[in-house]
Amino acid sequence: MGLQPEIIVANHPGELAERGARIFVQTAKDCVAQKEFFSVAISGGSTPRPMHRVLAKEPYRSEVPWKKTHIFWVDERCVPLDHPASNYGQAREDFLDRIPIPSEQVHAMPGDVSPEKGARSYQEEMQRFFQGTQGALPAFDLVFLGVGKDGHTASLFPGIWGAGASEKWVLAVKGGVPDVYRLTLTYEVLNGARKICFLVSGQEKAPIVKAILEGGGGDLPASRIRPPHGKWLWLLDKEAASLLFL
Ligand code: 6PG
């Protein structure tokens, strides 16, 4: 496949957070100028947390058109929303409670109902939002993804290959740390995004980053993320990029 990602290397994790926040702000501004709203899907895990905290601080807080921003999640752990492992709960703590976004524009995945029911109801929520794309796949303006040491992304773990059907936008799966049921967007939905930005930090991720970006990635889930019509960025800190030939 000819498509290559743009790779950006930040000097340290703080710079990674700032550069991620800059991408968030700029994409939001561009989208709102073109079509009046901005849709972004965010990840859980520890890597995006500093970026989320930066977004709640100036100058970013005032620069983002929050009133026209809709926040979705790429995945969620099926735990109560106030549980420490809840991605929504973390995001609330990190930035959502400190920014002027209308609550109906925060589209949390329902982690507190049965996984199958949660998957169906989140798909319906996306269908309502992306009206006119019923049947076809949604196209987020921006998706932030992380990578696990095993190459998973969102909650698409190695071995979940059947994850395909384009009529199913959200899957209920089990795995990861913590090993609980999770909801995750599918490869097809993620790849439909207009822009995808992987955010990866730390030495322990360097081997998997190299395997994905230079080793062909084999069957690693994160290697299956290649938006055919979108922009594709890998934002790494120096440690995560340390095994790459750049
Ligand atoms: C989640 C994620 C997951 C995450 C990676 C990396 O909810 O756990 O969306 O895919 O991005 O596991 O996690 P870290 O940032 O904690 O390394």
Side-chain angles (χ1 to χ4, degrees), residues 10 12-14 16-17 19-21 23-24 40-55 71-81 83-96 107-112 115 118-119 122 140 142-160 163 169-187 189-191 193 196-213 217 220-225 233-237 239-242:
H12 49 78
L16 186 83
R19 295 192 78 153
I23 289 168
F24 189 112
V40 57
I42 61 173
S43 283
S46 57
T47 314
R49 300 195 71 177
M51 175 182 79
H52 293 162
R53 292 184 192 122
V54 163
L55 284 167
I71 298 182
F72 290 81
W73 272 260
V74 303
D75 72 338
E76 182 58 280
R77 294 88 181 266
C78 295
V79 294
L81 296 179
H83 189 280
S86 160
N87 289 340
Y88 167 74
Q90 281 190 353
R92 271 191 67 177
E93 198 179 308
D94 292 335
F95 76 128
L96 298 177
H107 306 269
M109 282 184 160
D112 52 353
Y122 205 59
F140 286 105
L142 177 61
V143 167
F144 281 104
L145 288 171
V147 179
K149 283 188 283 180
D150 60 354
H152 78 261
T153 189
S155 285
L156 296 163
F157 295 98
I160 308 179
W169 296 1
V170 188
L171 298 176
V173 299
K174 186 159 180 296
V177 181
D179 184 8
V180 291
Y181 276 99
R182 292 155 178 258
L183 300 179
T184 183
L185 300 186
T186 58
Y187 291 107
V189 170
L190 295 171
N191 277 326
I196 294 181
C197 181
F198 279 92
L199 212 61
V200 193
S201 168
Q203 195 65 48
E204 59 169 23
K205 300 283 177 71
I208 198 71
V209 166
K210 185 174 176 64
I212 295 162
L213 293 176
L220 295 170
S223 303
R224 297 180 144 213
I225 302 293
L233 306 170
W234 278 74
L235 183 46
L236 309 166
D237 67 8
E239 291 195 336
S242 59

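Order of appearance sets the numbers: ligands from 1, and atoms from 1 within every ligand. Any value given below was found using the heavy atoms of this structure, including those in side chains, with hydrogens, waters and symmetry copies removed.
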Student: Is any side-chain heavy atom of L183 closer than 4.5 Å to one of P110?
Tutor: yes
Student: Count the heavy atoms belonging to other residues, nucleotides or ligands that lie under 6.0 Å from CZ of R53, then report whether that count exceeds 12.
Tutor: yes
Student: What protein heavy atom sits nearest atom 3 (C) of ligand 1, and how far away is it?
Tutor: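 Nearest protein contact, heavy atoms only, for atom 3 (C) of ligand 1 is A154 O, 3.5 Å.
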Student: Indicate yes or no for a side-chain donor-acceptor contact from T186 to the backbone of V170 under 3.5 Å, with no hydrogens or angles considered.
Tutor: no
Student: Closer than 4.0 Å to some heavy atom of D75 - which atoms of ligand 1 meet that?
Tutor: 1 (C), 2 (C), 7 (O), 9 (O)
Student: Can a donor-acceptor pair be found, under 3.5 Å and without considering hydrogens, that links the side chain of N191 to the backbone of R224?
Tutor: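 The answer is yes, because a donor-acceptor pair under 3.5 Å joins these two groups.
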Student: Could you tell me which atoms of ligand 1, counted from 1 in the order shown, lie closer than 4.0 angstrom to a heavy atom of T153?
Tutor: 10 (O)
Student: Between F198 and L236, is the side chain to side chain contact (heavy atoms under 4.5 Å, CB included) condition met? List the steps.
Tutor: CA-CA 8 Å; F198 279 92; L236 309 166; over 6 Å; no
Student: Of the side chain and backbone of S155, name the one, both, or neither that has a heavy atom under 4.0 Å from an atom of ligand 1.
Tutor: neither
Student: Where do L16 and A10 come nearest, in terms of heavy atoms and distance?
Tutor: N-CB, 3.6 Å
Student: I need the atoms of ligand 1 closer than 4.0 Å to a non-hydrogen atom of R77, numbered in the order shown.
Tutor: 1 (C), 7 (O), 8 (O)
Student: So for ligand 1, is V74 a polar contact partner (N or O within less than 3.5 Å, distance only)?
Tutor: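 Looking only at distances, the answer is no, because the N/O contact criterion of under 3.5 Å is not met.
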Student: By number and element, which atoms of ligand 1 are closer than 4.0 Å to a non-hydrogen atom of G146?
Tutor: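 Going through ligand 1 atom by atom, the ones under 4.0 Å from G146 are 11 (O).
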Student: Quick one: nearest non-hydrogen protein atom to atom 13 (O) of ligand 1, plus distance?
Tutor: G45 CA, 4.0 Å
Student: What residue and heavy atom of the protein are closest to atom 17 (O) of ligand 1, and at what distance?
Tutor: K205 NZ, 2.6 Å
Student: So if I count the atoms of ligand 1 from 1 in the order they appear, which ones are less than 4.0 Å from some heavy atom of H152?
Tutor: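 Answer for ligand 1: 3 (C), 5 (C), 10 (O), 12 (O).
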Student: Would you say I42 and Q90 make side-chain contact, with heavy atoms under 4.5 Å?
Tutor: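 The answer is no; the side chains never approach within 4.5 Å.
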Student: Hey, is the main chain of S155 close enough, under 3.5 Å, to the side chain of R182 for a donor-acceptor pair?
Tutor: no
Student: Taking atom 4 (C) of ligand 1 as the point of reference, which of P178, G44, S201, P221 owns the nearest heavy atom?
Tutor: G44
Student: Can you tell me how far the CG atom of D237 sits from the CZ atom of R19, to the nearest 0.5 Å?
Tutor: 12.0 Å
Student: Checking contacts here: is it the side chain or the backbone of N87 that comes within 4.0 Å of ligand 1, counting heavy atoms only? Could be both or neither.
Tutor: side chain
Student: Applying a 4.0 Å heavy-atom criterion (strictly less than), which segment of T47 is in contact with ligand 1: side chain, backbone, both, or neither?
Tutor: both
Student: Nearest protein heavy-atom contact for atom 16 (O) of ligand 1: which residue, which atom, what distance?
Tutor: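 Residue, atom and distance for the closest contact: S46 N, 2.8 Å.
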Student: Quick one: nearest non-hydrogen protein atom to atom 6 (C) of ligand 1, plus distance?
Tutor: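 Residue, atom and distance for the closest contact: V147 O, 3.4 Å.
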Student: Can any side-chain N or O of Y122 pair as donor or acceptor with the backbone N or O of H107 at less than 3.5 Å?
Tutor: yes
Student: Side chain or backbone of E76 under 4.0 Å from ligand 1, or both, or neither, by non-hydrogen atoms?
Tutor: neither
Student: Taking the side chain as every heavy atom from C-beta outward, state whether W234 and V147 have any pair of such atoms under 4.5 Å apart.
Tutor: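 Yes, side chains in contact.
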Student: Could a heavy atom of G176 be found less than 4.0 Å from some atom of ligand 1?
Tutor: no
